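Here's the structure we're looking at; comments come further down.
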Amino acid sequence: MSKGTAVVTGSGQGIGKGIAERLAKDGFAVVLGDLNEEVLKGTVKEFEQAGYQVAYFVGDVTKPEDQKALVHQAVNTFGSTDVFVNNAGVAHVGPVLELKEQNLDLLFKVNVFGTVYGIQAAAEQMKQQDNGGKIINACSIAGHQSFPMMGLYSATKFAVRGFTQAAAKELAQFNIKVNAYCPGIVGTGMWERIDDVMTNYQGIKKGEAFKKAIESIALGRPEKPEDIANFVSFLASSDSDYITGQSILIDGGIVFN
Ligand SMILES: NC(=O)C1=CN([C@@H]2O[C@H](COP(=O)(O)OP(=O)(O)OC[C@H]3O[C@@H](n4cnc5c(N)ncnc54)[C@H](O)[C@@H]3O)[C@@H](O)[C@H]2O)C=CC1
Ligand SMILES: CC(=O)C(C)=O
């Protein structure tokens, strides 16, 4: 039996894809959103071949109209939006003193504006549904602690934590829960790009920055999208119905709050 409909932004690849696949296995109809049409269509094909109930929308989370259209796609195809995962995000690596307007603009637009527009589009629909819903945001260890060369990225993830708390307080009256997942070091395309930039800045060998980051993990291995998907599966389920406004670390032991 279908558990309802889950929408995941930035789910053509990486963590979002892992989350969408887990939610599909849990019994949700899934709607995948991504800016990268080619990658997105490849993932949709894989999901169809696996027998999952899937639809998709090519769009940009920085555009409120695209976030609304993504929710409409879910409602028109499967009848509701019960879970909305604001997963899409971008990283920037570089010292605070070198930050340019275009760096600030891109990171805040995707990570912060995108999350706010996603919360708005999802809540507008969920408020009309009898059973409320779950909004789940992508934060990071960098949303709990800032790291050198990651100041801009960290600032955006601190903002995601702030909006997660405020939205949880405002939307509780509609039975909408808002939480966030905070991964550590996940071996996706994002970390490949972080490693490339660190390599240039620090004059180290390719892969060294990633290796060094892994050495900081108590559990001693890089994180996999499945590690995060396990937790998002819980947040999307009724087992988490009494949790809201939290930004939870799933990092194998890097940041201890
Ligand atoms: N990789 C890591 O170590 C960590 C990642 N995160 C967060 O997890 C989330 C997912 O990260 P990854 O899967 O690693 O990234 P990724 O770069 O591997 O995948 C991100 C996906 O989002 C899409 N996307 C980017 N901008 C978009 C936009 N404006 N509109 C729609 N889609 C867009 C991309 O096309 C891509 O398919 C991000 O919010 C990231 O900040 C948090 C902690 C650690
Ligand atoms: C990409 C990211 O969030 C970290 C902490 O590496």
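Whatever order the structure lists them in is the order used to number ligands and atoms, beginning at 1. Below, all heavy atoms of this structure are taken into account, side chains as well, without hydrogens, waters or symmetry copies. In this text the structure is predicted, and so the values were computed from the model without any measurement. Positions are given from 1, in the same order as the sequence printed here.
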field: CA sep, side-chain torsions, deciding dist, call: Ser233, Asp26, side-chain hydrogen bond (donor to acceptor under 3.5 Å, both in side chains)
entry: CA-CA 8 Å; Ser233 165; Asp26 287 348; 2.6 Å; yes
field: Ligand-residue contact atoms, ligand 2 with Ile194, heavy atoms, under 4.0 Å
entry: 1 (C)
task: Please name the residue in the list Tyr153, Phe147, Tyr181, Phe158 that meets the side-chain contact (heavy atoms from CB on, under 4.5 Å) test with Ser140.
output: Tyr153
- line: Quick note on ligand 2: atoms under 4.0 Å from a heavy atom of Met190 include exactly 1 (C)
query: Would you call Trp191 a ligand 2 contact, heavy-atom distance under 4.0 Å?
result: yes
- prompt: Going by the atom numbers of ligand 1, which of them fall below 4.0 Å from some non-hydrogen atom of Pro183?
  reply: 42 (C), 43 (C), 44 (C)
Option whose closest heavy atom lies nearest to atom 4 (C) of ligand 2, chosen from Ala142, Ala213, Gly184: Gly184
message: Using a 4.0 Å cutoff against the non-hydrogen atoms of Gln13, which atoms of ligand 1 qualify?
response: 19 (O), 36 (C), 37 (O)
Leu40, portion touching ligand 1 at heavy-atom distance under 4.0 Å: neither
query: Within the structure, does Thr62 bring an N/O atom to less than 3.5 angstrom of an N/O atom in ligand 1?
result: no
- request: Do me a favour and list the nearest non-hydrogen protein atom to atom 5 (C) of ligand 1 with residue, atom name and distance?
  value: Ile15 CD1, 3.5 Å
message: Under 4.0 Å, heavy-atom basis, I'd like to know which part of Lys157 is in contact with ligand 2: side chain, backbone, both or neither.
response: neither
query: Going by heavy atoms in the side chains, are Val30 and Glu21 under 4.5 Å from each other?
result: no
Check: Gly114 main-chain N/O paired with Gln67 side-chain donor or acceptor under 3.5 Å: yes
message: With side chain to side chain donor-acceptor pair (under 3.5 Å) as the test, pick out the partner of Asn137 among Thr164, Asn179, Asn111.
response: Thr164
query: Does ligand 1 have a heavy atom under 4.0 Å from the side chain of Cys182, from its backbone, from both, or from neither?
result: neither
- line: protein heavy-atom neighbour closest to atom 29 (N) of ligand 1 works out as Asp60 OD1, 2.9 Å
- prompt: So, is Ile141 polar-close to ligand 1, with some N/O to N/O distance under 3.5 Å?
  reply: no
task: Distance to 0.1 Å, residue and atom name: give those for the protein heavy atom nearest to atom 44 (C) of ligand 1.
output: Gly184 O, 3.1 Å
- prompt: Relative to atom 10 (C) of ligand 1, which among Asn87, Leu106, Leu107, Asp251 owns the nearest non-hydrogen atom?
  reply: Asn87
statement: Nearest non-hydrogen protein atom to atom 21 (C) of ligand 1, with distance, is Gly10 O, 3.6 Å
message: Quick check against the 3.5 Å criterion: does Thr77 have a side-chain atom that pairs as donor or acceptor with the backbone of Ala74?
response: no
- request: Pull out every atom of ligand 1 sitting under 4.0 Å from any heavy atom of Gly189, numbered as shown with elements.
  value: 18 (O)
query: Does Tyr153 reach ligand 1, in the sense of a heavy atom lying below 4.0 Å from it?
result: yes
message: I need the nearest protein heavy-atom contact for atom 1 (N) of ligand 1: residue, atom name and distance, please.
response: Thr188 OG1, 3.2 Å
task: State the atoms of ligand 1, each with its element, that fall below the 4.0 Å cut-off from a heavy-atom position in Leu35.
output: 27 (C), 28 (C), 29 (N), 30 (N), 31 (C), 32 (N), 33 (C)
- prompt: In terms of atom number and element, which parts of ligand 2 are under 4.0 angstrom from non-hydrogen atoms of Ser140?
  reply: 2 (C), 3 (O), 5 (C)
message: One pair to check against side-chain hydrogen bond (donor to acceptor under 3.5 Å, both in side chains): Tyr56 and Glu37. What are the steps and the verdict?
response: CA-CA 10 Å; Tyr56 71 93; Glu37 181 166 2; 5.6 Å; no
- prompt: Near Ala138, which atoms of ligand 1 are under 4.0 Å from a heavy atom of that residue?
  reply: 39 (O)
- prompt: Of the backbone atoms (N, CA, C, O) and the side-chain heavy atoms from C-beta on, which set of Ala91 has a member under 4.0 Å from an atom of ligand 2: side chain, backbone, both, or neither?
  reply: neither
message: Can you confirm whether more than 12 heavy atoms, excluding those of Phe210, are under 6.0 Å from its CZ atom?
response: yes
message: Would you say that Val232 contacts Arg22 through its side chain, given a criterion of any heavy-atom pair below 4.5 Å between the two side chains?
response: no
field: Worked check of salt bridge (charged side-chain N to carboxylate O under 4.0 Å, His left out) between Lys109 and Asp60
entry: CA-CA 10 Å; Lys109 278 217 169 109; Asp60 183 343; over 6 Å; no
query: When you measure from the side chain of Gln129 to the backbone N and O of Thr81, does any donor-acceptor pair fall under 3.5 Å?
result: yes
task: Give a yes or no on whether the backbone of Lys63 and the side-chain of Asp66 come within a donor-acceptor separation of less than 3.5 Å.
output: no
field: Sub-3.5 Å N/O-N/O distance, Lys157 and ligand 1
entry: yes
Min heavy-atom dist Gly33 to ligand 1 below 4.0 Å: no
- prompt: Any nitrogen or oxygen of Val186, main chain or side chain, under 3.5 Å from a nitrogen or oxygen of ligand 1?
  reply: yes
query: What's the shortest distance from atom 17 (O) of ligand 1 to any protein heavy atom, and which residue and atom give it?
result: Arg193 NH2, 2.6 Å
field: Any Gly59 heavy atom less than 4.0 Å from ligand 1
entry: yes
Evaluation steps, side chain to side chain contact (heavy atoms under 4.5 Å, CB included), between Lys177 and Asp241: CA-CA 8 Å; Lys177 285 98 184 184; Asp241 274 355; 4.0 Å; yes
message: Could you walk me through whether Leu106 and His92 satisfy the side chain to side chain contact (heavy atoms under 4.5 Å, CB included) test, starting with their C-alpha distance in whole Å, then the side-chain angles of each, then the deciding distance to 0.1 Å, before giving a yes or no?
response: CA-CA 9 Å; Leu106 176 71; His92 175 85; over 6 Å; no
- line: A student checking ligand 2 against Ile141 at a 4.0 Å heavy-atom cut-off should list atoms 5 (C)
message: The test is side-chain hydrogen bond (donor to acceptor under 3.5 Å, both in side chains); show your working for Glu124 and Gln120 and say whether it passes.
response: CA-CA 6 Å; Glu124 192 184 328; Gln120 290 172 343; over 6 Å; no
- prompt: What part of Val186 sits under 4.0 Å from ligand 2 if we count only heavy atoms: the side chain, the backbone, both or neither?
  reply: neither
- prompt: Under 3.5 Å, side chain of Asn76 to main-chain N/O of His72, donor-acceptor pair present?
  reply: yes
statement: When distances are taken from atom 15 (O) of ligand 1, the protein heavy atom at minimum range is Met190 CB, 3.7 Å
Side chain to side chain, Val31 and Thr5, heavy atoms closer than 4.5 Å: yes
message: Any non-hydrogen side-chain atom of Met198 less than 4.5 Å from a side-chain atom of Val93?
response: yes
task: May I ask you to list the atoms of ligand 1 that are less than 4.0 angstrom from any heavy atom of Gly89?
output: 38 (C), 39 (O)
- prompt: Hey, is ligand 1 close enough to Asp34 that some N/O pair sits below 3.5 Å?
  reply: yes
- line: In this structure, atom 30 (N) of ligand 1 is nearest to the protein heavy atom Val61 N, 3.0 Å
message: Taking 4.0 Å as the limit for heavy-atom contacts, which would you say applies to Tyr153 with ligand 2: side chain only, backbone only, both, or neither?
response: side chain
task: Considering non-hydrogen atoms only, spot the tightest contact between Met190 and Ala91 and give its length.
output: CE-N, 3.7 Å
query: Checking Lys134 side chain against Phe84 main chain: does a donor-acceptor pair fall under 3.5 Å?
result: no
